[in-house]
Amino acid sequence: MSELPKTYDPQTVEAKWYRHWMESRCFIADPKSTKPAYSIVIPPPNVTGILHMGHVLNNTIQDILSRKARMEAKEVLWLPGTDHAGIATQVMVEKKIKKEEKLSRHDLGREKFIDRVWEWKEKHGGIIIEQLKRLGASCDWSRERFTMDPAYSRAVAETFVDLFSKGLIYRGKRMVNWCPVSLTALSDEEVNMKPQNGLMYYFKVEVAEDPGVFLTIATTRPETIPGDTAVAINPRDERYAKYIGKHVVRPLPAELALEKKLIPIIGDEQVDFEFGTGVLKVTPAHDKADFEIGQRHKLPVIEVIEANGTMNDLAGSDLKGEERFKARKIAAEKLNELGLLVKEEPYQNNVGFSERADVPIEPRLSEQWFLKYPSVTRAREIAQTGELKFFPERWQKVYEHWLANIQDWCISRQLWWGHRIPVWYRGSEMKCQLDSPGEGWEQDPDVLDTWFSSWLWPFATMDEQTKAKFYPTTVLVSGPDILFFWVARMVMAGIEYTGKQPFSDVYLTGIVRDKVGRKMSKTLGNSPDPLDLISKYSADALRFGVMRSAPLGQDVLFDEQHVELGRNFCTKLWNACRFRQMHGGESEGEITPSLLTSDDKWILLRLDRAIREINSSLAEYKFNEAAQTLYRFFWSEFCDWYLESTKAVLHSDHAPQKQNTLAVMDFVLSHTLRLFHPFLPFITEELWHGLGYQLELPENQGGKSIMFARWPKELDAQFREHYGLDESDEQWTQAKYDLIVAGRNLRREGNIQSSKRVKFIFKPGPDLPAYEIEVFKILLNAESLEVDRSFEPRKGMPNVQSPLGTLCLPLEGLVDIEAEKARLTKELEKISLEIKKVEEKLANPSFTSKVPPAVLEEHRNRLVEWQKKQELVRNALKGLSSE
RNA sequence: GGGCGAUUGGCGCAGCGGUUAGCGCGUCUGCUUUACACGCAGAAUGUCGGGGGUUCGAAUCCCUCAUCGCCCACCA
């Protein structure tokens with residue numbers, strides 16, 4: 001047993017053990033193992049990513065699950081990797097090249113640019129992987145995958161070809177969400193609706209057939225007027241139905257309006273006559289709903305906005321070349337000049353923003369690839385049957401709702417970085433296959449949505465042997481923000497391509513927010529760098545702090561104080577172990593049942609309780625509950641009471657008794673360290689070795705680590721019987737501690753400094769062994785404790801009574817008798833009230849007849865307890881008044 | 001417009017049908033008590049958002065209102 005240093009130095013210790021675990025291949029999963037499998041695939045962070053608090057939360061949870069499973073003798077695979085993150089990475093490298101070399105990607109050309117991205121990736125990519133290691137993540141790094149690995153890319157392409165051949169992938173000219181900054185189409189999931197304060201413009205158009213008759217149209221986008229090819233009204237709208245079939249003069253572009261360019265008035269059910277004026281301008285080229293109306297009425301499509309968001313020639317000379325928002329203002333001004341603008345009103349509407357570039361998306365007609373999702377029915381079914389379980393449960397409904405309303409997925413992106421679409425063209429011929437059909441065939445220039453590769457992650461990352469052992473995986477831990485993007489799609493891909501759902505449990509974490517509840521974000525600058533926190537407090541502290549404050553599925557309000565608490569806790573753990581070590585003796589000696597003290601029994605029972613609670617919490621993924629229990633057990637029970645009580649033995653010279661106490665301490669500590677290990681991997685490993693605890697597996701099996709120590713099981717009936725433990729021990733000891741607290745209060749009432757040792761007199765109820773007297777003495781910080789059966793405290797002598805006896809502090813005159821009387825009277829009132837409450841319940845026949853016997857019993861016991869207490873307080877009060 | 005979550009001491013949260021409603025931070029008092037001041041001992045602070053209901057019993061279940069926050073939805 002090497003001596004533990006006085007202070008714990010997490011920085012060197014954490015680095016040391018991580019290196020050791022790696023060198024001992026502790027994290028490597030063996031597909032040939034006969035142990036039951038437990039597997040998790042990491043949600044692959046962006047290769048450009050750096051660790052943020054969300055990753056800390058997410059990966060700590062996965063690490064806890066993995067480490068616990070290893071201790072439960074399972075063969076664990078936690079498979080790590082990164083995602084190529086199409087747009088994010090491309091934009092990042094583009095910016096870098098622009099800045100450093102003043103070149104655009106077009107200057108470089110596609111191939112050269114992609115080479116540059118790869119270069120960047122090799123050099124700087126995957127910083128986050130190193131950061132995860134600092135956190136302590138026990139991933140099998142030998143299996144690290146990247147979504148652009150050759151084998152993985154092959155799988156992506158094969159999937160495309162397969163879905164194409166099944167007729168689920170098709171190409172079509174459709175209205176898509178277009179990002180005018182990234183210059184690519186986006187899926188519906190990549191668009192975020194944001195309320196915007198804008199204006200509603202009302203303008204009028206003249207009915208050509210009825211000169212002097214004007215219709216007023218409300219729009220938020222006057223710049224699209226040049227693209228209007230109809231005006232629509234609801235045929236049931238009595239105000240306007242008569243105009244259907246007539247025409248109006250389209251006011252813009254002005255030059256065409258002068259020529260009396262007309263567009264038809266059509267009737268369409270889709271028009272809401274309650275909204276605006278009930279007259280809708282129809283711009284099939286720039287609005288999804290309008291496009292559909294256009295299809296129904298075979299309206300021409302006039303595009304007036306270019307891909308980059310500027311107006312084109314067809315928008316007319318006034319707007320041409322203008323940026324779309326500027327064009328809006330100009331269009332309004334123009335209408336005003338023409339005397340057609342009726343009014344402008346402030347208006348709030350929801351506008352779709354590109355998730356990536358954070359600019360309003362432009363609905364745009366373009367040729368894209370779409371996927372009709374496979375295995376949708378089955379994906380819904382498994383959520384309904386419970387084959388796929390969500391934690392917290394409520395996400396199941398969200399998942400089902402999404403699947404029920406699922407739309408085809410636009411999977412093509414006009415980017416360079418990503419998986420190129422495996423489709424080749426030669427003239428009007430088209431072929432969908434993995435490799436080029438040969439000379440003269442050109443590959444589709446588009447790449448696939450990044451999620452079209454991520455959805456294969458749980459199985460495309462595994463070779464056949466690995467899959468045989470570890471697929472399907474056990475649990476998926478993810479943020480709810482990617483439930484649709486990723487989780488739901490993985491389920492469908494899993495079912496479609498492996499015939500199995502890719503995981504049975506889905507744990508959705510909360511979102512980490514700052515302490516005022518805002519989402520952590522780079523722009524707000526409110527996201528602390530986890531690496532700084534690790535340097536300042538240690539990885540264990542960070543993990544524990546986050547886990548302790550992260551209830552299942554609730555958002556986590558992050559506050560550095562949580563980490564501080566984690567750090568303090570580690571220090572406490574360290575010092576308690578040092579305390580054990582200072583008393584020497586061999587590690588983990590035999591426990592002799594006959595030598596167990598009441599405190600020993602109490603702590604063993606408490607340990608048992610803690611183990612049960614922790615196991616049931618973890619089974620439901622309630623990590624904060626488990627962390628709380630650990631905290632309470634170790635600090636408030638083990639350190640505050642048990643360790644203090646052992647001083648009675650350890651300061652004595654009864655060697656066998658001392659040995660026995662140390663053995664109990666070791667038993668509890670070794671269990672505690674193991675319970676803590678998934679949460680605090682580093683410090684527990686250091687202490688496990690420092691205290692010389694049993695190293696469960698032979699070294700050649702990577703076993704020289706607490707990582708593979710047996711996960712604690714509850715202390716079963718046999719154990720309890722062997723050591724003579726039962727609940728009455730627990731109650732008795734609890735009563736002892738209660739009396740000690742009361743005794744400590746006496747000191748306070750007597751205004752005695754807590755450092756000062758004083759004499760107590762104890763009048764025992766039943767006889768107490770010398771050991772118990774010693775415990776009283778130590779825990780009361782008493783100079784001496786005189787036991788006197790016949791002692792009667794005189795009036796004014798502070799004393800406190802309990803079923804175990806009366807404890808007196810023989811300092812006369814220090815207590816204000818009247819104040820004490822008042823205090824006791826008040827207490828008595830409180831007790832009487834409680835007694836009345838319980839008595840009333842027990843006297844109520846509807847209560848006694850309906851309630852289960854156990855509850856009844858509990859109430860009866862409670863009544864007895866209260867009555868006892870009442871008796872004691874009454875006596876004390878009598879003692880004060882009588883003399 | 002639909003759906004979901006939150007509302008508990010100064011702050012942040014547990015508890016989700018049956019103990020005197022817990023915990024951490026903060027506050028107050030006293031302590032360098034030979035494991036730990038990142039600590040020890042003690043204390044104070046709550047008609048559990050409002051209203052109604054179910055029940056022998058509600059912070060906990062139901063209804064309703066209010067406030068805040070998410071998600072989904074083609075209202076120009």
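Just so it is clear: chains get the letters A, B, ... in the order the sequence lines come, proteins before strands, and each one is counted from 1. The structure presented is a predicted model; accordingly, all values stated were derived computationally and were not measured.
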Suppose you measure atom C1' in C16(B) against the same atom in C48(B); what distance do you get, rounded to whole Å? 12 Å
Can you tell me the pairing partner of U20(B) across any strand shown, Watson-Crick or G-U wobble, with both distances under 3.5 angstrom? none
Tell me whether Lys281(A) is salt-bridged to Asp228(A), with the criterion being a basic N under 4.0 Å from an acidic carboxylate O. yes
Given A76(B), C25(B), A35(B), which nucleotide is nearest the side-chain atoms of Asn575(A)? A35(B)
Can you identify which nucleotide, out of C40(B), A76(B), G42(B), has its nearest atom closest to the Arg744(A) side chain? G42(B)
Nearest-nucleotide pick for Arg394(A), side chain only, options being G5(B), A35(B), C23(B): G5(B)
For Cys570(A), answer base if it contacts any base atom (sugar-phosphate contacts may also be present), sugar-phosphate if it contacts only those atoms, and nothing otherwise; contact means non-hydrogen atoms under 4.0 Å. nothing
Six-ring centre of Phe633(A), Arg609(A) cation under 6.0 angstrom, axis tolerance 45°: no
If I pick the P atom on A76(B) and the same atom on U67(B), what distance separates them, to the nearest angstrom? 24 Å
From C-beta outward on Lys837(A), which listed nucleotide comes closest to its side chain: U20(B), C72(B), G42(B)? U20(B)
Regarding Ser538(A) and Asp540(A), do their side chains bring together a donor and an acceptor under 3.5 Å, going by distance alone? no
Minimum-distance nucleotide (side-chain atoms of Arg548(A) versus G24(B), A76(B), G5(B)): G24(B)
For atom P, what is the distance between G24(B) and C61(B), given to the nearest Å? 26 Å
Nucleotide paired to G46(B) in any strand shown, Watson-Crick or G-U, under 3.5 Å: none
Look at the side chain of Phe275(A) and decide which nucleotide, out of A76(B), G39(B), G24(B), has an atom nearest to it. A76(B)
Integer angstrom distance from the P of A43(B) to that of C23(B): 12 Å
Below 4.0 angstrom, N of the basic side chain to O of the carboxylate: do Arg632(A) and Glu637(A) qualify? yes
With P as the reference atom in both, quote the distance from U27(B) to C36(B) in angstrom, rounded to an integer. 24 Å
Under the 3.5 Å rule, do the base of U33(B) and the side chain of Lys647(A) count as making a donor-acceptor pair? no
Once you round it to whole Å, what is the distance between C1' of C11(B) and CD of Gln561(A)? 9 Å
Using the C1' atom as the point on both nucleotides, what is the distance between U20(B) and G46(B), in whole Å? 14 Å
Heavy atoms only, 4.0 Å cut-off, all strands: where does Trp866(A) land among base, sugar-phosphate and nothing? base
Identify which nucleotide among A35(B), G39(B), G5(B) has an atom closest to any side-chain atom of Trp635(A), counting heavy atoms from C-beta outward. G39(B)
The side chain of Lys572(A) is closest to which nucleotide in this list: U20(B), C40(B), C25(B)? C40(B)
Is any side-chain heavy atom of Phe569(A) closer than 4.5 Å to one of Leu630(A)? no
Heavy atoms under 4.0 Å, any strand shown: does Asp640(A) hit a base, just sugar-phosphate, or nothing? sugar-phosphate
U47(B) to A21(B) separation - P atoms, rounded to the nearest Å: 13 Å
In Watson-Crick or G-U wobble terms, both distances under 3.5 Å, what is the partner of A41(B)? U29(B)
Checking N1-N3 plus N6-O4 or O6-N4 for Watson-Crick, or N1-O2 and O6-N3 for wobble, each under 3.5 Å, the partner of C70(B) is G3(B)
So what's G9(B) paired with, Watson-Crick or G-U wobble, going by both distances under 3.5 Å? none
Between A6(B) and G12(B), how far apart are the C1' atoms? Round to whole Å, please. 14 Å
Select one nucleotide: of C25(B), G42(B), C36(B), the one nearest the side-chain heavy atoms of Lys6(A). C36(B)
Quick one: ring-ring contact (aromatic ring centres under 6.0 Å, His included) partners of Tyr642(A), sequence neighbours excluded? Phe638(A)
Quick note, Val271(A) side chain, CB onward, closest among C23(B), A76(B), G24(B) is A76(B)
